[in-house]
2 protein chains.
Amino acid sequence: MSTDDFLRLDLQLCFPLYAASRAMVQAYTPLLAKLGLTYPQYLVMLVLWETDGVSVKELGEKLYLDSGTLTPLLKRLETLGFVRRERSKEDARSVTVSLTAQGKALRRKAASIPEAIVCRTGLTLEELARLRRDIQRLFEKVSSRSA
Amino acid sequence: MSTDDFLRLDLQLCFPLYAASRAMVQAYTPLLAKLGLTYPQYLVMLVLWETDGVSVKELGEKLYLDSGTLTPLLKRLETLGFVRRERSKEDARSVTVSLTAQGKALRRKAASIPEAIVCRTGLTLEELARLRRDIQRLFEKVSSRSA
DNA sequence: ATCGATTCAATTGCGCGCAATTGAATTGCG
DNA sequence: CGCAATTCAATTGCGCGCAATTGAATCGAT
């Protein structure tokens, strides 16, 4: 394969990944708009629905996002009434994020979203699981050296 | 599979895709920084290196980006001295983007990037081609209904 | 030829992402 | 204990993405 081929846009892995990621987020957008959430906000809610009361640091570790992204995002979720942010008593450097009643209630409204998205991909659960695993593997490989 | 399982972060396709996409861009970042480019700017340069003299509309169709993203990005590339932007003579609504000598010269400096990224993924060219094809297929499926 | 509809790029506004810095709280080493 | 190093969240600054709007140019149907 020549340098030219390598440089050709459509032969590269990253561009399809980048385009597909944005397209997926766009598929979520109208569904999430009904809940008043953006996709990154939805990710934070997914973490909290699974484990209520986590620090900003823990959120960052799970979502691979830093405080520069999370702090303003969490403030918006707080303004929306879905989460509470409070300084930890054990460690005043840390901020604990927890669900409000409204935030917990939102889970039921979000319940139909994952299936709608799976449908939209047109993939079977097996194909989906394989693709997810392959992409996860790629992620681990690519993100490792920079950490 | 239960609703809870569906909602579980790690079972979803979109989050790994989203994380992998950002990780890939981060892998490019230090390499592109040597050229003075961001990843989206690099994508524009890839298009121009393949086909010099394209309209903003054509760029948008190839990269799935709109003028709201492209116009300021192209202005930055122009300030950097890599591209020229001029109103089309045949159709004054359209703006044609073309490479400067400096923009053409940049191609040689970028030649080593794709291979470095492929290396970083640790995948064989066959595995890479298959993953790319699967992701492209996902993209087409997901992006179709919204268009 | 006219005029409403369409097609362009540009603009506005907002929410990420992320690098870099700041400042407060905690840790841990001597 | 004392104090330098570390660990937190917050802040700053910038470049996307994208929805929505604007305004100019072109098209197309009559």
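What you see below is based on every heavy atom in this structure, not just the backbone, and it leaves out hydrogens, waters and symmetry mates. In what follows, every chain begins at residue 1, and chains take the letters A, B, ... in the order their sequences are listed.
In this model, the phosphate group of C/dC14 is not approached by any side-chain N or O of A/R76 to a distance below 4.0 Å at OP1 or OP2. Between C/dC16 and A/Q41, a contact under 4.0 Å exists linking OP1 or OP2 to a side-chain N or O. Considering only side-chain N and O atoms, A/Q26 lies under 4.0 angstrom from the phosphate OP1 or OP2 of D/dA19.
Under the Watson-Crick or G-U wobble criterion, with both distances below 3.5 Å, D/dA24 is paired with C/dT7.
For A/R22 and D/dC16, the CZ to P distance is 12 Å, given to the nearest whole Å. A straight line from CG of B/L63 to P of D/dC16 spans 12 Å, rounded to a whole angstrom. At whole-Å resolution of the value, CG in B/L80 and C1' in D/dC14 are 13 Å apart. Taking atom CG of residue B/L37 and atom C1' of nucleotide D/dG15, one finds them 13 Å apart after rounding to whole Å. Across the protein-nucleic acid pair, A/L65 atom CG and C/dG15 atom P stand 16 Å apart, rounded to whole Å. Summarising the geometry, the separation between CG on A/L59 and P on C/dG17 is reported as 14 Å, rounded to the nearest angstrom.
Mapped onto DNA chain D by nearest heavy atom, A/Y18 and B/K89 fall at different nucleotides, with A/Y18 at the one closer to the 5' end.
Side-chain contact between A/M24 and A/I117: present, with at least one pair of heavy atoms (C-beta onward) separated by less than 4.5 Å. Contact annotation: the side chain of A/Y64 never approaches that of A/S143 to less than 4.5 Å [non-hydrogen atoms, C-beta and beyond]. Residues A/L13 and B/I135 are in side-chain contact: their nearest non-hydrogen atoms beyond the backbone lie under 4.5 Å apart.
Using a distance-only test at 3.5 Å, with no hydrogens or angles considered, a donor-acceptor pair links the side chain of B/R84 to the main chain of B/L99.
A salt bridge links A/K57 to A/E61: one of the charged nitrogens lies within less than 4.0 Å of a carboxylate oxygen.
Screening B/L73, B/L46, B/V47, B/T69 for a side-chain contact (heavy atoms from CB on, under 4.5 Å) with B/L63, the sole residue that qualifies is B/V47.
Atom CD of A/E115 is surrounded by 12 or fewer heavy atoms from other residues, nucleotides or ligands within 6.0 Å.
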Protein heavy-atom contacts under 4.0 Å, written 5' to 3' over nucleotides 8-13 of chain C as B (base), S (sugar-phosphate only) or - (none), form the string SBBB--

